[in-house]
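Everything below concerns the one structure shown next.
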Amino acid sequence: SAAFTVNAGALSPANSTITPATASIIANGTSTQVITVQARDLHNNNLTAGGATVVFSKTGGGTLTGTTDHGNGTYTATLTSPTSTGSATVTATIGSTLVGTGSSVVTFTAGAAVAANSTLSPATATRPSDGSSTLVLTVQARDANTNNLTTGGDTVVIFIKPGDAGTLSATTDNGNGTYKATLTSPTTTGTTTVEATLNGTTVGTTVGASSAIVTFVVGPVSAARSTMTASPSSGVTADGSAYSTITVTVKDGGGNPIPGQTVALSVVGHSYSLTAPAATDVNGQTTATLTSTLAETKTISARVGATTITQQAQVTFVA
């Protein structure tokens, strides 16, 4: 027969489409995404003529332009990103009927990492100077608009300022925009500065997070590192006046003396007199005197709070 044209039928908003279903653009205030409505008929044939009243609307971030009718069955609006990460959901109506059964969801993602806007945390921290306490230092990569990156791949190096104490592990890329290294405390008190670079540039220079200051302080009482001695430890006359001086030195796990500690002494033995020690001095030391009127060997133990010092002292009293 002679050729003839089969045209699409009447417009069906429910069968029309909005695309793309999902998209991702950079949250920089200028990136755009075109949202398109294709008008279709009841049997999903694309219309090829314009003239319908199509209205786009959104929830979420960004800016949406008005509708453009291209005269060929398609209608578009342009979504411009905000400067912060997040998302927007765009829908459209033809007349007063929603287009299709879905929507277009656009995600606003962070841009390229900017070292100056990235952060190193914590800004300050305190750890015991026991040679084993640790602190995790974290770099959060951020873009030009200080949005947190959520993917890895940048070259980040976290390091201790030359001359400062402590041991720092290699930097690990967590794959989510953060990078970490673990600082292990030294056995001496003092302050350590930790810094970082991202792709060769110092981190945090514009956001006040360019370094982390870690202070290493005296740690808790160490039962093993604290000491106790008796002088003399033998040949002390059991006459009630001759005495042995008991010296207790309270230290933390790094061997640092701990001043201001209250030491409680206990004696296994009979017929003795023990003076109460004063609080430990700046060297972590305190003393007490032990006398006896009975010739025997006595065992002395020391306790600081709930910690019993491992080392004991013995004093032998003689007739």
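Excluded from the calculations below are hydrogen atoms, water molecules and symmetry mates; all remaining heavy atoms, backbone and side chain alike, are included.
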Exam field: side chain [X] to backbone [Y], donor-acceptor pair closer than 3.5 Å:
X      : Y      : result
Ser103 : Thr89  : no
Arg127 : Thr215 : no
Ser104 : Thr19  : no

Residues clustering with Ile160 (ILVMFWY side chains joined when closer than 4.5 Å, directly or via others):
Leu120, Leu135, Leu137, Val139, Val156, Ile158, Leu168, Tyr179, Leu183, Val194, Leu198, Val203, Val214, Phe216
If you link ILVMFWY side chains whenever their heavy atoms are less than 4.5 Å apart, which other residues fall into the same cluster as Val90? By chain and number, please.
Leu11, Ile18, Ile25, Ile35, Val37, Leu47, Val54, Phe56, Leu64, Tyr75, Leu79, Ile94, Val99, Val106, Phe108
For a quick check under 3.5 Å, do Thr91 and Ser57 share a side-chain donor-acceptor pair by atom type?
yes
Between Ser12 and Asp41, a side-chain donor and acceptor under 3.5 Å:
no
Name all residues meeting the side chain to side chain donor-acceptor pair (under 3.5 Å) criterion together with [X]; count only those two or more places apart in sequence or in a different chain, and write none if there are none.
X      : answer
Thr119 : none
His70  : Thr76
Lys298 : Ser292, Glu296

Applying side chain to side chain contact (heavy atoms under 4.5 Å, CB included), name anything that partners Ser84, two or more places apart in sequence or on another chain.
Pro82, Asn147
Apply side chain to side chain donor-acceptor pair (under 3.5 Å) to the pair Gln38 and Thr17, showing each step before the final yes or no.
CA-CA 5 Å; Gln38 173 64 63; Thr17 60; over 6 Å; no
Are Asp173 and Lys180 packed together at the side-chain level, in the sense that at least one heavy-atom pair is separated by less than 4.5 angstrom?
no
Trace of the side-chain contact (heavy atoms from CB on, under 4.5 Å) decision for Gln285 with Thr247:
CA-CA 7 Å; Gln285 289 189 344; Thr247 302; 4.2 Å; yes
